[in-house]
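Below: one structure, written as structure tokens.
Labels below follow one simple rule: chain letters A, B, ... track the order of the sequence lines, proteins then strands, and each chain is numbered from 1. Scope of the values below: all heavy atoms of this structure, side chains included, with no hydrogens, waters or symmetry mates.
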Amino acid sequence: MTNETTEVPVAPEAEGLPHGLGTTLPSAEARAKTEGTFPYASDLWAEGLLWAAILRSPHAHARVVSIDTTHAREMPGVHAVVTHEDVAGGPLPGHRTADRPVFASEVVRHHGEALAAVAADHPDTARMAAAAIIVEYEVLDPVTDPEQSFAAEPLHPDGNLVRHIPLRHGDAEATGEVIVEGQYRIGRQDPAPIGAEAGLAVPRPDGGVELYIASTDPHGDRDLAASRYGLEPERVKVVVTGVAGATADREDPSFHLPLGLLALKTGCPVKLTATREESFLGHPHRHPTLLRYRHHADADGRLVKVEAQILLDAGAYADTSSDALAAAVAFACGPYVVPHALIEGWAVRTNNPPSGHVRGEGALQVCAAYEAQMDKLAKKLGIDPAELRMRNVLATGDVLPTGQTVTCPAPVAELLSAVRDFPLPALPKDTPEEDWLLPGGPEGAGEPGAVRRGVGYGIGMVHMLGAEGADEVSTATVKVLDGVATVICAAVETGQGFTTLARQIVQDTLGIDEVHVAPVDTDQPPAGPGCRGRHTWVSGGAVERAAKMVRTQLLQPLAHKFGMSTELLQIADGKITSYDGVLSTTVEEAMEGKELWATAQCRPHPTEPLDATGQGDAFVGLAFCAIRAVVDVDIEIGSVRVVELAVAQDVGRVLNPGQLAARIEAGVTQGVGAALTENLRTPKGVVRRPDLTGYALPTSLDAPDIRIVKLVEERDVVAPFGAKAASAVPVVASPAAVASAVRAATGRPVNRLPIRPQAAVVTEPLPVPAAAAEATG
Amino acid sequence: MPAAVPVAGGTDLMAQVNAGQLRPAALVGLGRISEIRGWQYQDGHALLGAGLTHARMGRPDFAALIPALAASARAAGPPQIRNAGTLGGNIASAAPTNDALPVLAALEATLIIAGPQGARREVPVSHLLAGMEMLRPGELIGFVRVPLLHAPQVFLKATGRTGPGRATASVALVLDPARRGVRCAVGAIAPMPLRPLEAEQWVASLIDWDGERSALVPEAVQAFGEYVAAACIPDPAPAPDGTQETLPAAVLHLRRTVAALARRALGRALS
């Protein structure tokens with residue numbers, strides 16, 4: 001059915017505007033965001049609003065002896081102060097391990113944990129009042145090393161171990177002729193969203209509250225809020241406003257929950273805009289990870305066994321760490337065929353800032369480690385690193401270490417050969433001097449004689465949709481009136497392109513060009529959080545079904561009149577024609593002024609949780625990406641410039657070429673940040689320099705040339721449209737590829753991300769200094 | 001806390017004000033004082049207005065006069081910062097990573113400070129940066145006097161990324177053929193720029209000032225780099241029992257970086 005409707009030829013003369021699946025329909029928000037007219041959450045305003053401020057803990061671990069809010073309450077202009085006493089108890093709902101309180105009560109478990117919130121008539125008054133709350137702390141020793149967490153005193157009533165997966169696959173006693181070992185550390189990446197968190201809470205006359213926030217999971221946030229406010233979910237409404245873009249969960253609970261509490265308590269609208277510092281302290285980060293690996297292979301380089309220990313630092317609260325651990329353990333061997341595997345994974349609580357969902361979680365960390373192991377193995381066996389990978393690649397029909405058979409397309413060999421065979425970029429010495437961009441930048445200290453080039457590879461894999469039995473369902477409604485279609489679906493546009501996709505789907509199915517996507521709120525049926533290609537799959541699938549139902553309603557009377565089935569009628573450019581072109585009418589005429597509605601759901605096939613030995617069909621689908629990195633390293637200073645990343649990706653089907661390219665480029669660049677600069681440092685659990693000067697995101701000069709050399713379109717038959725998740729997998733593969741290339745350039749092990757300059761210097765004098773800027777890879 | 005705070009480019013100050021860390025009762029904008037937005041010449045020196053922006057200093061005509069200051073201005077951040085940030089602001093905020101500071105230290109620049117009722121005094125920039133002298137209430141940095149040396153000058157900086165970033169270490173090196181001197185300052189590794197005076201004198205004594213300066217042997221250039229680095233990041237003093245503590249790996253890397261920068265800077269200045 002999908003193919004039939006989408007292969008209707010698109011009339012080229014349609015006013016020159018692209019429409020339908022497979023075309024680069026521009027995002028509806030792009031213009032407003034470029035011109036600065038897009039209303040972000042921080043622009044919200046309501047008559048008579050109060051300003052909120054949150055008091056956060058300066059300590060990573062402390063017992064709270066007392067909280068005295070008297071002075072703050074008495075300050076002129078202060079309307080309300082809320083603490084843990086104002087929060088309803090009871091179990092927390094939600095898909096994640098809900099162990100994070102709104103406000104710390106007896107103990108603070110991480111730096112920046114919220115203790116109280118204030119509403120006042122001016123933001124400065126609110127901040128001053130928050131500072132006037134007297135909290136008596138008894139400072140405790142923080143547990144900041146996840147390895148120490150096992151033996152440490154429990155930091156939380158649930159204990160310190162969030163999850164342990166001891167995966168056993170194949171023969172535990174198997175050994176290979178060649179063994180390589182390594183230990184790897186991955187740093188704490190922050191999602192650093194454009195625009196810090198902001199929101200507005202408005203009390204309702206019925207005693208409920210409306211939250212205007214840039215949520216990526218409106219129904220999840222609503223249910224959490226309602227349970228903490230002691231209200232039924234129907235009396236809390238989340239209206240999604242001004243999502244600037246998200247690569248992680250957008251709003252942290254310690255942010256929007258106090259907002260609603262204050263609005264309920266004061267009866268006034270309350271607004272809160274987080275500073276960048278608060279944003280860094282509040283929202284979840286990527287899991288810092290410690291990995292130990294031992295790869296066994298035969299003399300030809302075929303993998304025999306992988307042993308690994310993976311330790312995720314969940315921070316103070318579990319959040320989605322259980323999901324991240326499942327991904328890390330399941331993909332610990334990478335997209336390679338491994339007959340025997342012993343993978344032990346743990347996620348533990350510490351007093352570090354909480355870790356949570358940041359795209360590619362779990363998969364990114366193990367990718368950096370298994371690819372480092374592949375490089376080591378190639379070096380030990382004297383085999384070309386790309387060739388070694390080629391001998392081990394996974395394909396459809398192979399079995400993952402979790403015992404799940406790969407049933408979806410897995411064109412890993414095709415991806416790898418595409419990036420390997422792509423021509424290498426020119427060396428600096430072969431390009432005009434004015435075009436040089438050496439490590440260190442245009443005004444940096446780079447000297448051509450000290451620059452070495454390296455080429456490396458990274459192949460990443462991620463799973464799509466929620467895993468391990470998560471109910472991934474979405475509901476969408478399509479309405480048509482007066483030749484205009486409207487899509488109503490609670491899938492949040494986070495930059496993944498859902499609104500554009502929804503328009504394209506309806507354009508294709510109904511032949512209507514003017515399609516609007518309604519704003520999202522929780523009065524609509526749930527669509528779930530936006531992550532892992534979820535909305536392209538389930539929400540896109542739901543939109544398509546609803547659109548097809550509308551199509552049937554529209555065509556049924558006509559088909560009856562013409563005496564043929566609805567399948568024999570085609571809609572394009574506002575015209576309905578029969579298969580033979582003899583009979584035709586316009587959509588407008590066929591509508592007869594009626595309003596057509598249809599609502600449909602999409603739910604993928606079910607999955608099962610990993611069992612006690614890490615076995616189970618836990619994933620709905622997989623996506624793969626191969627990246628070849630070319631880097632220049634100043635081997636004296638250790639500065640690295642990524643010259644080019646060649647990307648080949650398994651996308652299933654291209655739905656919007658322009659947006660797909662943008663998503664891949666953005667993902668790859670986020671990976672470059674994880675590889676080189678992005679690490680939120682927390683000595684003794686205290687976040688150091690939570691600002692965008694101290695936390696260095698890649699700039700346009702750091703972003704390499706990104707060459708999308710191949711998009712493999714092998715449709716995944718179980719996915720609507722056959723399309724795969726496209727955003728996360730380039731993030732996963734690019735840090736591994738960059739590290740591999742730095743390894744090739746310097747000969748250093750590079751076992752830590754981000755790569756520190758001292759790990760990329762060559763201290764011994766090189767044998768042939770005259771061979772400046774020669775390719776070594 | 002003074003009642004009013006002067007503001008020129010505001011790239012540091014306004015960030016603090018916006019973050020609520022600083023709440024001055026009043027701000028005095030210096031942007032319209034046209035006298036300090038350009039430069040003039042005065043017996044072999046240039047009198048640079050404190051309101052010169054990094055963008056202006058980065059242009060070729062300025063680079064022909066004081067190449068190292070121009071290079072530091074071009075490296076001072078993204079275009080938005082360079083368009084607003086000023087020379088005087090770089091000195092007044094005195095953050096260790098401010099790129100102009102090692103250049104001014106190497107040039108042995110003098111500040112001309114304007115005070116109330118037309119008062120005027122001169123202070124070497126190093127005195128202000130070292131805290132030997134302070135700006136008094138009501139005083140403003142008016143001009144910076146730097147010598148015109150008509151010889152190669154180099155500013156090099158190491159950063160954590162390819163795009164604009166704060167220096168992890170920087171080196172400014174100027175040649176002064178008239179006085180047969182090499183002057184070098186290392187920035188970003190200490191609260192103020194450091195001058196390795198012995199290393200400067202040593203290398204200046206090896207240079208053939210009347211002939212080919214580039215004839216200096218590569219080993220000497222290499223040794224100069226290590227001399228500068230060891231002077232700026234010395235080994236810790238041995239303990240009373242004679243044991244020698246080694247520096248942490250990160251500090252050793254910084255020392256190697258300074259050595260590489262100083263060697264490259266001298267090499268470029270002499271070539």
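Heavy atoms closer than 4.5 Å to chain A are found in both the backbone and the side chain of Arg264(B). With a threshold of 4.5 angstrom between heavy atoms, Thr275(A) does not approach chain B through any atom at all. Of the atoms belonging to Val640(A), it is backbone heavy atoms, and not side-chain ones, that fall under 4.5 Å from chain B. For Ser700(A), no part lies near chain B; criterion is any non-hydrogen pair under 4.5 Å.
Within a 6.0 Å radius of CZ in Arg82(B), more than 12 heavy atoms belonging to other residues, nucleotides or ligands are found. No more than 12 heavy atoms of other residues, nucleotides or ligands lie within 6.0 Å of CD in Glu245(B), so this atom counts as exposed by the packing criterion. Residue Met128(A) places its CE atom among 12 or fewer non-hydrogen atoms of other residues, nucleotides or ligands, all under 6.0 Å distant.
Of the residues Leu701(A), Val672(A), Thr699(A), the one that meets the side chain to side chain contact (heavy atoms under 4.5 Å, CB included) test with Arg161(B) is Thr699(A).
Each of Arg127(A), Arg756(A), Arg641(A) has some count of heavy-atom pairs under 4.5 Å with chain B, and the biggest count is that of Arg641(A). Ranked by heavy-atom pairs under 4.5 Å with chain B, the first of Gly638(A), Pro439(A), Gly446(A) is Gly446(A).
Contacts of residues 67-74 of chain B with chain A at a heavy-atom distance below 4.5 Å involve Ala71(B), Arg74(B), listed in sequence order.
Contact detail for Gly440(A) and Thr159(B): the closest heavy-atom pair is O-OG1, 4.1 Å.
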List the atom pairs, donor and acceptor, that lie under 3.5 Å between side-chain atoms in residues 249-257 of chain B and the rest of the protein, sequence neighbours left out.
from, atom 1, to, atom 2, distance (Å)
His253(B), NE2, Ile637(A), O, 3.2
Arg255(B), NE, Ile233(B), O, 3.0
Arg255(B), NH2, Ile233(B), O, 2.8
Arg255(B), NH2, Asp235(B), OD1, 3.0
Thr257(B), OG1, His253(B), O, 2.8

Before giving the answer on side-chain contact (heavy atoms from CB on, under 4.5 Å), spell out for Arg263(B) and Glu636(A) the whole-Å C-alpha distance, their side-chain angles and the decisive distance to 0.1 Å. CA-CA 11 Å; Arg263(B) 169 164 51 75; Glu636(A) 287 180 336; 2.7 Å; yes

